[in-house]
Colleague: 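Next up is a structure, given as structure tokens.
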Amino acid sequence: MTDIYIPQAQLSRLAHLVTPGKVVLVYGPRRVGKTTLIKRYIQDHDSDALLVTGEDIVVREYLESQSLAKLTAFVGRRRTLIIDEAQHIRQIGLNLKLLADHVAGLRIIATGSSSFDLASQTGEPLTGRKYTLLLLPLAQLELQEIETAHQTRAHLELRLIYGSYPEVVLMDSSEDRQLYIKELIASYLFRDILQLEGIRHADKLLRLLQLVAFQIGREVSTSELGTQLGMNANTVDRYLDLLEKSYILYSRRGFSRNLRKEITKSRRYYFYDNGIRNGLINNFNPLAMRDDAGELWENYILVERLKYNLYNGHLTESYFWRTYDRQEIDLVEEWGGQLLATEMKWTARSYRVPGAWRKAYPKSSFQIVHPENYIGFISESKIP
């Protein structure tokens, strides 16, 4: 595996947000580079920062104390405190509030892999005192810093099959990629949920994810999933919520401006990483041997567009659109009162804008994204 640093888009944002009296919370799945991000921040912006980990029992003793004397003694004369794996520290929010309020000029960064735990501990105590950053598997707008457009196109099949986790991207062998993804799923994927939510076994979560993996681009029925899994729809909803909060899945709802025939209540689910999706169903076959290339393409483009908008600070709302008579559009983005409709097509072919969409939203923009033009859509294009 090549030892190389891929410039992270959130680094400059992190440096901008780190200010005295504020706490910057960096969330994201395990193994996407949060520790790399903060170490790079120290190297480039703050070599005197105090970096500790919440997995250290001595660190926890101080940072769980709620004693201002112990907290200030722990920080000493440092003016930047960085806590990696902060979700392991009980009542971390209250302690960070004490530090932010009472240690003049102190800047604080905390990272955590489980948003539902760290957010619940920091939410209320740090109201008005925090910024949040989400870090995801590598985005194409980051990879373009180390590869040409020609290389990007050459690597497309690898991205569709193995995804964009940093170590996966830097590996030279597909066998190594498969082993890494399987280990990631076995050792890390459910760790936060199982530890923090008291769920005894991962088998139901695994089966649920496998079922969702075969429904990319379609609305998910929690009642149907419940029937297949032998659980009620409310439990399925809870599991899906946990899977979103642990950054395995994300969902989008249907777009509508109150037209009766538009579907709005259903959700479609996508994976934050194609490699995780393929690992869950144990299918790393090349595209020529698959019947789900279109689904892989849609998942990949949607999550890359999500990362593009997130890392560029675009306040964009994203939806799918479908009517009861099955006219549909893969992606609808709403930004500044404007609508951009996008279809993802793995094979470039003519496509007519659905008549119901054209009639209901005549001022909207429309485009098709396919392998010949996708790079601009996920790394260089501008919101209209």
Side-chain angles (χ1 to χ4, degrees), residues 10 25-37 53-55 83-90 92-93 110-123 130 132-139 163-168 180-213 215-216 220 222 225-226 229 231 234-253 267-281 299 302-303 306-307 310 318:
Q10 292 287 51
L25 302 175
V26 182
Y27 295 129
R30 294 181 182 272
R31 310 302 290 270
V32 295
K34 295 185 295 296
T35 302
T36 300
L37 180 73
T53 174
E55 295 178 318
I83 309 164
D84 201 13
E85 299 287 349
Q87 74 270 11
H88 296 290
I89 300 171
R90 293 190 299 270
I92 183 63
T111 80
S113 59
S114 50
S115 69
F116 44 92
D117 185 47
L118 190 57
S120 66
Q121 293 194 40
T122 60
K130 65 180 173 70
T132 60
L133 282 181
L134 176 58
L135 196 67
L136 295 170
L138 288 168
S164 302
Y165 271 78
E167 291 184 65
V168 169
Y180 179 88
I181 291 169
K182 289 178 180 178
E183 174 61 23
L184 187 62
I185 292 171
S187 301
Y188 293 102
L189 202 62
F190 303 126
R191 177 182 290 183
D192 296 324
I193 299 175
L194 297 176
Q195 288 180 347
L196 302 172
E197 291 295 323
I199 297 174
R200 289 186 177 182
H201 305 290
D203 56 333
K204 295 285 188 180
L205 287 170
L206 177 60
R207 181 60 181 147
L208 174 59
L209 281 172
Q210 289 170 335
L211 291 174
V212 172
Q215 298 187 43
I216 290 172
V220 166
T222 54
L225 290 174
L229 294 167
M231 61 176 66
N234 288 336
T235 302
V236 173
D237 277 327
R238 175 171 173 258
Y239 279 23
L240 288 171
D241 181 60
L242 292 175
L243 291 166
E244 287 199 71
K245 288 178 176 176
S246 57
Y247 305 112
I248 300 168
L249 297 176
Y250 72 96
S251 66
R252 291 183 300 122
R253 58 186 175 85
R267 286 186 173 271
R268 293 182 178 181
Y269 286 85
Y270 298 88
F271 287 82
Y272 276 109
D273 185 76
N274 274 37
I276 295 297
R277 185 265 183 183
N278 289 328
L280 285 163
I281 62 174
N299 194 93
L302 286 173
V303 76
L306 181 155
K307 288 184 277 191
L310 174 69
S318 298

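Small disclaimer: the values here were computed from a predicted structure and weren't measured.
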Colleague: Can you name the salt bridge (charged side-chain N to carboxylate O under 4.0 Å, His left out) partners of Asp237, sequence neighbours left out?
Modeller: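 Salt bridge (charged side-chain N to carboxylate O under 4.0 Å, His left out) list for Asp237, sorted by chain: empty.
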
Colleague: Measuring from Leu310:CG to Leu134:CG, what's the distance to the nearest 0.5 Å?
Modeller: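 Going from CG on Leu310 over to CG on Leu134, the span is 5.5 Å.
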
Colleague: To the nearest 0.5 Å, what is the distance between OG1 on Thr222 and OH on Tyr239?
Modeller: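 Answer for the OG1-OH pair, Thr222 versus Tyr239, is 14.5 Å.
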
Colleague: Does any part of the side chain of Arg30, heavy atoms only, come nearer than 4.5 Å to the side chain of Glu85, both counted from C-beta?
Modeller: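 Glu85 reaches Arg30 side chain to side chain.
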
Colleague: Per the side chain to side chain contact (heavy atoms under 4.5 Å, CB included) rule, which among Leu225, Val236, Leu249 passes with Val220?
Modeller: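 Going through the options one by one, the only one that passes is Leu225.
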
Colleague: Decide yes or no for Leu229 and Thr235: does some side-chain heavy atom of the first lie under 4.5 Å from some side-chain heavy atom of the second?
Modeller: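 No. Closest side-chain heavy atoms not under 4.5 Å.
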
Colleague: Mind checking whether Leu136 and Val32 have side chains closer than 4.5 Å, heavy atoms only?
Modeller: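 Result no, sub-4.5 Å side-chain heavy-atom pair not found.
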
Colleague: Could you measure the distance from the CG atom of Asn278 to the NZ atom of Lys182? Nearest 0.5 Å is fine.
Modeller: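 Separation between the atoms: 11.5 Å.
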
Colleague: Under the criterion side-chain contact (heavy atoms from CB on, under 4.5 Å), I'd like the reasoning laid out for Leu206 against Leu280: C-alpha separation, chi angles, the key distance, then a yes or no.
Modeller: CA-CA 8 Å; Leu206 177 60; Leu280 285 163; 3.4 Å; yes

Colleague: Suppose we screen for side-chain hydrogen bond (donor to acceptor under 3.5 Å, both in side chains). Which residues come up paired with Thr53, at least two apart in sequence or across chains?
Modeller: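 Scan of Thr53 (side-chain hydrogen bond (donor to acceptor under 3.5 Å, both in side chains), adjacent residues dropped) gives none.
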
Colleague: Which distance, rounded to the nearest 0.5 Å, do you find between the CZ of Phe271 and the CG of Leu302?
Modeller: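 Nearest 0.5 Å value for the CZ-CG distance: 13.5 Å.
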
Colleague: Would you please name every residue forming a side-chain hydrogen bond (donor to acceptor under 3.5 Å, both in side chains) with Ser251, sequence neighbours left out?
Modeller: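 Result, side-chain hydrogen bond (donor to acceptor under 3.5 Å, both in side chains) vs Ser251: Glu244, Arg267.
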
Colleague: Between Lys245 and Asp241, is the closest basic N to carboxylate O distance under 4.0 Å?
Modeller: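 Answer for the salt bridge query: yes.
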
Colleague: Just do the side-chain contact (heavy atoms from CB on, under 4.5 Å) check on Glu167 and Leu184 with the steps written out, would you?
Modeller: CA-CA 11 Å; Glu167 291 184 65; Leu184 187 62; over 6 Å; no

Colleague: Mind checking the CG-CD spacing from Leu135 to Gln10? Nearest 0.5 Å is all I need.
Modeller: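 So the CG of Leu135 and the CD of Gln10 are separated by 6.5 Å.
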
Colleague: Go through the structure and list residues passing ring pair (Phe, Tyr, Trp, His ring centres under 6.0 Å) with Tyr272, not counting sequence neighbours.
Modeller: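 In terms of ring pair (Phe, Tyr, Trp, His ring centres under 6.0 Å), with neighbours along the sequence ignored, Tyr272 is linked to Tyr250.
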
Colleague: When you measure from the side chain of Lys34 to the backbone N and O of Gly28, does any donor-acceptor pair fall under 3.5 Å?
Modeller: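 Pair found, side chain donor or acceptor close to backbone of Gly28.
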
Colleague: Holding to salt bridge (charged side-chain N to carboxylate O under 4.0 Å, His left out), I want the full list of residues that pass it with Arg268, two or more places apart in sequence or in another chain.
Modeller: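 Arg268 satisfies salt bridge (charged side-chain N to carboxylate O under 4.0 Å, His left out) with Glu219, Glu328 only.
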
Colleague: Show, in sequence, the C-alpha distance, side-chain angles and deciding distance for Thr111 and Leu37, and conclude whether the side-chain contact (heavy atoms from CB on, under 4.5 Å) test is met.
Modeller: CA-CA 10 Å; Thr111 80; Leu37 180 73; over 6 Å; no

Colleague: Is a donor on one side and an acceptor on the other found under 3.5 Å between the side chain of Asn299 and the backbone of Asp273?
Modeller: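 Here the side-chain-to-backbone pair does not exist.
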
Colleague: Where the side chain of Lys307 meets the backbone of Leu138, is there a donor-acceptor pair that is under 3.5 Å apart?
Modeller: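 Yes: the side chain of Lys307 pairs with the backbone of Leu138.
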
Colleague: Kindly determine whether Ile185 and Ile276 satisfy side-chain contact (heavy atoms from CB on, under 4.5 Å), including the steps that lead there.
Modeller: CA-CA 7 Å; Ile185 292 171; Ile276 295 297; 4.1 Å; yes

Colleague: Could you list the residues that satisfy salt bridge (charged side-chain N to carboxylate O under 4.0 Å, His left out) with Arg253, not counting sequence neighbours?
Modeller: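 Arg253: no salt bridge (charged side-chain N to carboxylate O under 4.0 Å, His left out) contacts found.
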
Colleague: Does some side-chain heavy atom of Leu205 sit less than 4.5 Å from a side-chain heavy atom of Leu242?
Modeller: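 SC-SC contact between Leu242 and Leu205 ruled out.
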
Colleague: Going from CD on Gln215 to CD on Gln210, what distance comes out if it is rounded to the nearest 0.5 angstrom?
Modeller: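 It is 12.5 Å, given to the nearest 0.5 Å.
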
Colleague: Is it the case that Tyr165 and Arg31 place a side-chain donor and acceptor less than 3.5 Å from each other?
Modeller: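 On atom types as modelled, these side chains do not qualify, holding no pair under 3.5 Å.
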
Colleague: When you compare the side chain of Val303 with that of Tyr270, does any pair of heavy atoms fall below 4.5 Å?
Modeller: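 Not in contact.
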
